[in-house]
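One structure follows; several queries about it will come next.
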Amino acid sequence: MRHLIVTILFAIGLSLAQAGAPVWEAVEGAMRMPAAVAADQRAGAEKVEVAVRDGFIYVVTPRQTSVKVFTILGQMVSSVQLQPGTHRLRLSAKGIYIVKAGTTTHRVII
């Protein structure tokens with residue numbers, strides 16, 4: 001009986017944690033990135049651009065890219081494979097985040 005109760009509580013906690021997880025949205029049309037955009041500028045590398053605007057983290061990528069977002073304390077907030085295009089993520093808490101997009105890492109402030 002105790003095992004059943006623990007299992008049920010764990011399942012409820014897991015579903016609540018996933019329900020509050022941030023979701024990436026595709027943004028239609030070309031988006032003009034602000035001047036303060038962080039981009040992968042290495043020779044021969046296609047640009048992966050990361051910017052913050054209106055409380056969203058925007059990622060523009062020309063190819064499928066792995067993107068991970070961490071709090072400043074190292075807790076993973078999001079981990080996805082984004083298709084080519086412009087995508088955005090709204091985070092519920094303001095603060096400093098680390099965004100790993102492809103081979104580059106960016107620090108952003110929301």
Side-chain angles (χ1 to χ4, degrees):
M1 184 68 170
R2 182 180 290 166
H3 180 68
L4 178 63
I5 293 172
V6 170
T7 303
I8 291 171
L9 290 176
F10 178 75
I12 291 171
L14 184 61
S15 66
L16 288 175
Q18 290 175 347
V23 177
W24 285 91
E25 305 171 350
V27 178
E28 296 297 322
M31 180 184 145
R32 185 167 178 217
M33 298 298 277
V37 168
D40 185 348
Q41 300 291 341
R42 292 181 308 215
E46 295 178 357
K47 290 183 186 179
V48 175
E49 299 175 344
V50 177
V52 174
R53 183 188 301 171
D54 302 326
F56 287 93
I57 296 175
Y58 286 86
V59 174
V60 180
T61 179
R63 63 190 181 286
Q64 183 175 344
T65 304
S66 171
V67 177
K68 295 180 181 181
V69 180
F70 300 90
T71 66
I72 197 68
L73 299 175
Q75 180 182 12
M76 186 181 300
V77 175
S78 175
S79 177
V80 295
Q81 283 283 355
L82 295 180
Q83 298 302 315
T86 303
H87 303 272
R88 70 183 185 178
L89 175 71
R90 179 176 293 279
L91 296 172
S92 59
K94 292 182 179 182
I96 301 172
Y97 293 90
I98 306 299
V99 179
K100 295 181 89 172
T103 59
T104 63
T105 303
H106 310 280
R107 181 181 57 128
V108 297
I109 301 172
I110 296 180

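Everything numeric in this text was worked out from a predicted model, so none of it was measured.
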Can you tell me how far the NZ atom of Lys100 sits from the OG1 atom of Thr105, to the nearest 0.5 Å?
->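 One gets 5.0 Å once the value is rounded to the nearest 0.5 Å.
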
Consider only side-chain heavy atoms of I, L, V, M, F, W and Y, link residues closer than 4.5 Å, and tell whether Met76 and Val80 are in one cluster.
->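 They do not share one cluster, since no chain of ILVMFWY contacts under 4.5 Å joins Met76 to Val80.
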
4.5 Å side-chain heavy-atom contact, Val69 and Leu91 =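 Contact flag for Val69/Leu91 side chains = yes.
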
Inter-residue atom distance Thr61.OG1 - Leu82.CG, 0.5 Å rounding =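 Atom-to-atom, Thr61:OG1 and Leu82:CG are 7.5 Å apart.
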
What closest approach, in Å, do Ala26 and His87 show between heavy atoms, and which atom pair accounts for it?
->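 Result for this residue pair: CA-ND1, 3.7 Å.
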
Same hydrophobic cluster for Val27 and Phe56, using side-chain heavy-atom links shorter than 4.5 Å among ILVMFWY?
->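 Looking at the clustering, Phe56 is in the same group as Val27.
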
Are Ile96 and Ile110 co-members of a hydrophobic cluster defined by side-chain heavy atoms under 4.5 Å apart?
->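 Shared cluster, no.
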
Partner of Tyr58 under side-chain contact (heavy atoms from CB on, under 4.5 Å), chosen from Val52, Thr86, Val108, Val50 |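 With Tyr58 as partner, Val52, Thr86, Val108, Val50 yield a single side-chain contact (heavy atoms from CB on, under 4.5 Å), made by Thr86.
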
Apply side chain to side chain donor-acceptor pair (under 3.5 Å) to Gln83 and list each qualifying residue two or more places apart in sequence or on a separate chain.
->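 Gln83: no side chain to side chain donor-acceptor pair (under 3.5 Å) contacts found.
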
Rounded to the nearest 0.5 Å, what separation is found between the OH atom of Tyr97 and the CZ atom of Arg107?
->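 CZ of Arg107 is found 14.0 Å from OH of Tyr97.
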
Any idea which heavy atoms bring Leu89 and Pro22 closest together, and the distance?
->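 Shortest heavy-atom contact: CD1-CB, 3.3 Å.
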
Name all pairs fulfilling the salt bridge (charged side-chain N to carboxylate O under 4.0 Å, His left out) condition that reach into residues 83-93, sequence neighbours left out, sorted by first residue then second.
->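 Every pair satisfying salt bridge (charged side-chain N to carboxylate O under 4.0 Å, His left out) with a residue in residues 83-93: Glu25-Arg88.
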
Single-linkage hydrophobic cluster Ile98~Ile109, side-chain heavy atoms < 4.5 angstrom =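 Yes, Ile98 connects to Ile109 through the hydrophobic network.
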
Flag side-chain contact, heavy atom, 4.5 Å: Val48 against Arg63 =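 Heavy-atom side-chain distance check passes, below 4.5 Å.
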
Should Trp24 and Val59 count as side-chain neighbours, where that means a heavy-atom distance under 4.5 Å?
->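 When only atoms from C-beta onward are counted, Val59 and Trp24 do touch, with a gap below 4.5 Å.
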
Heavy-atom neighbours of Gln75 CD exceed 12 at 6.0 Å |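 Result for CD/Gln75: open.
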
